[in-house]
Chemist: 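Take a look at this one; I'll ask things after.
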Amino acid sequence: KEGATIATQHLLLAWHRAIGFLSGPVASYSSRQRAEGYRAALVEEGLPMNPAWSRSCSHEVEGGRETTRLLVKEHPELTAIFCYNDLLAVGALQACAETDLRVPEDIALVGFDDIPMAALVTPPLTTVRVPRYGLGDHAMRLLLKRVEGLSEAHEQIVLHPKLIVRASAP
């Protein structure tokens with residue numbers, strides 16, 4: 001949720017007011033959390049969330065490409081799109097190229113996860129970096145504590161994401 005909020009805030013700070021959202025699968029917890037973060041940033045800015053600007057799709061490149069193509073055709077007023085993950089954002093980049101939308105001049109794109117490909121596409125993706133190694137480290141420590149009988153029933157650990165600004169949404 002925090003990562004989606006900072007991604008959307010980044011777009012809002014660049015004066016985008018028509019921001020689309022490509023969410024992942026409806027049943028996905030992380031997709032729902034990212035949708036909450038997107039909405040929270042809009043509400044904080046005093047903007048209503050336009051449900052027509054938000055679309056659920058598969059979390060693969062093709063889902064991002066197809067959904068973006070339809071979204072920008074139906075809503076040419078969009079100036080930015082926040083994507084559930086970087087694979088969707090890569091698909092969104094492809095759709096923009098196919099529809100002659102320049103990124104970031106015509107439409108800004110932000111992904112999520114900071115996969116290695118995010119820095120290699122053209123233009124490189126602005127994205128939210130998730131502390132994957134920290135997640136793995138904490139998960140292993142919790143597992144070892146549980147195996148040794150030292151853990152409590154529930155322990156919450158929060159690791160904070162970081163916005164990585166690149167050319168797709170400077």
Side-chain angles (χ1 to χ4, degrees), residues 1-130 161-170:
K1 180 178 176 181
E2 179 184 351
T5 301
I6 63 174
T8 307
Q9 286 172 336
H10 174 73
L11 293 168
L12 290 165
L13 286 171
W15 295 104
H16 293 284
R17 295 298 179 265
I19 303 170
F21 176 52
L22 299 188
S23 71
V26 177
S28 165
Y29 175 77
S30 60
S31 181
R32 290 190 308 271
Q33 287 294 298
R34 291 174 195 175
E36 281 187 35
Y38 164 76
R39 278 192 294 276
L42 294 174
V43 167
E44 184 179 298
E45 192 66 24
L47 298 172
M49 190 197 122
N50 185 337
W53 295 348
S54 181
R55 299 282 170 89
S56 177
C57 56
S58 74
H59 60 277
E60 303 294 331
V61 172
E62 186 60 26
R65 188 171 70 79
E66 289 298 320
T67 306
T68 299
R69 188 183 302 133
L70 292 171
L71 190 61
V72 298
K73 181 179 180 182
E74 294 171 15
H75 299 283
E77 70 274 17
L78 292 176
T79 63
I81 298 175
F82 167 53
C83 300
Y84 164 78
N85 67 21
D86 287 340
L87 291 176
L88 288 180
V90 169
L93 274 173
Q94 291 175 346
C96 289
E98 292 167 3
T99 57
D100 294 324
L101 285 172
R102 298 168 302 150
V103 176
E105 296 85 358
D106 300 324
I107 192 162
L109 297 175
V110 176
F112 202 105
D113 291 328
D114 196 24
I115 62 174
M117 185 189 314
L120 303 175
V121 294
T122 302
L125 284 174
T126 294
T127 186
V128 176
R129 179 177 292 157
V130 176
K162 179 182 179 184
L163 183 69
I164 306 300
V165 178
R166 297 190 182 109
S168 70

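Below, all heavy atoms of this structure are taken into account, side chains as well, without hydrogens, waters or symmetry copies. One-based numbering along the sequence shown.
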Chemist: Can you tell me how far the CZ atom of Phe21 sits from the CD1 atom of Ile81, to the nearest 0.5 Å?
Modeler: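 Going from CZ on Phe21 over to CD1 on Ile81, the span is 11.5 Å.
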
Chemist: For Glu74, give me all partners under salt bridge (Lys or Arg N to Asp or Glu O under 4.0 Å), at least two apart in sequence or on another chain.
Modeler: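 By the salt bridge (Lys or Arg N to Asp or Glu O under 4.0 Å) rule, Glu74 matches Arg55.
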
Chemist: Output every pair passing side chain to side chain donor-acceptor pair (under 3.5 Å) with a member in residues 106-120, not counting sequence neighbours, ordered by first then second residue.
Modeler: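 Of all non-adjacent pairs touching residues 106-120, those that pass side chain to side chain donor-acceptor pair (under 3.5 Å) are Arg102-Asp106, Asp114-Arg129, Asp114-Arg166.
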
Chemist: At what distance, to the nearest 0.5 angstrom, does CD of Glu44 lie from OG1 of Thr5?
Modeler: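 If we round to the nearest 0.5 Å, Glu44:CD and Thr5:OG1 are 8.0 Å apart.
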
Chemist: Do Ser31 and Ser56 come within less than 4.5 Å of each other through their side chains, counting heavy atoms only?
Modeler: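 No. Closest side-chain heavy atoms not under 4.5 Å.
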
Chemist: Could you tell me the separation between the CG atom of Leu87 and the CG atom of Leu22, rounded to the nearest 0.5 Å?
Modeler: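 The distance works out to 12.5 Å.
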
Chemist: How long is the gap from CG on Leu93 to OG1 on Thr122, to the nearest 0.5 Å?
Modeler: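 Between Leu93 CG and Thr122 OG1, I get 8.5 Å after rounding to 0.5 Å.
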
Chemist: To the nearest 0.5 Å, what is the distance between CD1 on Ile6 and NZ on Lys1?
Modeler: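 Going from CD1 on Ile6 over to NZ on Lys1, the span is 13.5 Å.
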
Chemist: Without swapping roles, check the side chain of His10 against the backbone of Ala169 for a donor-acceptor pair under 3.5 Å.
Modeler: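 Looks like yes, one N/O pair under 3.5 Å.
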
Chemist: Do Thr126 side-chain atoms and Val165 backbone N/O form a donor-acceptor pair below 3.5 Å?
Modeler: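 Judged by distance alone, no pair lies under 3.5 Å.
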
Chemist: In Å and rounded to the nearest 0.5 Å, what is the OG1 to NZ distance from Thr127 to Lys162?
Modeler: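 Going from OG1 on Thr127 over to NZ on Lys162, the span is 12.5 Å.
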
Chemist: Which atoms form the tightest heavy-atom contact between Val128 and Gly3, and what is the distance?
Modeler: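 Reported closest heavy-atom pair: CG2-O, 3.5 Å.
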
Chemist: Within the 4.5 Å heavy-atom criterion, are Tyr38 and Ile19 side-chain neighbours or not?
Modeler: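 Touching, per the 4.5 Å side-chain cut-off.
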
Chemist: Does the side chain of Ser30 pick up a donor-acceptor pair with the side chain of Tyr84 at under 3.5 Å?
Modeler: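 Yes, a side-chain donor-acceptor pair sits under 3.5 Å.
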
Chemist: Considering residues at least two apart in sequence or located in another chain, which fulfil the side chain to side chain contact (heavy atoms under 4.5 Å, CB included) criterion with Ala4?
Modeler: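 If we apply the side chain to side chain contact (heavy atoms under 4.5 Å, CB included) test to Ala4, skipping adjacent residues, the hits are Arg34, Phe82.
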
Chemist: Kindly give the heavy-atom pair with the smallest separation between Ala89 and Cys83, and that separation in Å.
Modeler: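 Ala89 and Cys83 have their closest heavy atoms at CA-SG, 3.6 Å.
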
Chemist: Can you give me the closest heavy-atom contact between Leu163 and Ala7, atom names plus distance?
Modeler: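 Answer, listing the atom of Leu163 first, then Ala7: CD1-CA, 4.3 Å.
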
Chemist: Tell me every residue that passes side chain to side chain donor-acceptor pair (under 3.5 Å) with Glu98, counting only those two or more places apart in sequence or in another chain.
Modeler: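 For Glu98 the side chain to side chain donor-acceptor pair (under 3.5 Å) partners, ignoring immediate neighbours, are Arg65, Arg69.
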
Chemist: If we only count heavy atoms from C-beta on, is the Glu77 to Trp53 side-chain gap below 4.5 Å?
Modeler: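 The answer is yes; the side chains approach within 4.5 Å.
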
Chemist: Minimum heavy-atom separation for Val121 and Val90, please, with both atom names.
Modeler: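 Smallest interatomic distance, heavy atoms only, reads CG1-CG2, 4.1 Å.
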
Chemist: Please report the closest heavy-atom contact between Leu109 and Cys96, naming both atoms and the distance.
Modeler: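 What the structure gives for the nearest pair is CD1-SG, 4.4 Å.
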
Chemist: Please identify each residue that fulfils side chain to side chain donor-acceptor pair (under 3.5 Å) with Thr68, with sequence neighbours left out.
Modeler: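 So Thr68 forms no side chain to side chain donor-acceptor pair (under 3.5 Å) with any residue.
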
Chemist: Under 3.5 Å, is there a donor-acceptor pair between the side chain of Asp86 and the main chain of Ile115?
Modeler: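 Checked: pair present.
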
Chemist: Quick one: does Asn85's side chain have a donor or acceptor within less than 3.5 Å of a partner on Leu88's backbone?
Modeler: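 At least one qualifying donor-acceptor pair exists.
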
Chemist: Would you list the atom pairs, donor with acceptor, under 3.5 Å between side chains in residues 45-52 and any protein atom, with sequence neighbours excluded?
Modeler:
residue	atom	partner	partner atom	Å
Glu45	OE2	Arg17	NH2	3.3
Asn50	OD1	Ala52	N	2.9

Chemist: Any idea which heavy atoms bring Gly20 and Leu78 closest together, and the distance?
Modeler: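 Nearest pair, atom of Gly20 first, then Leu78: N-CD2, 3.6 Å.
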
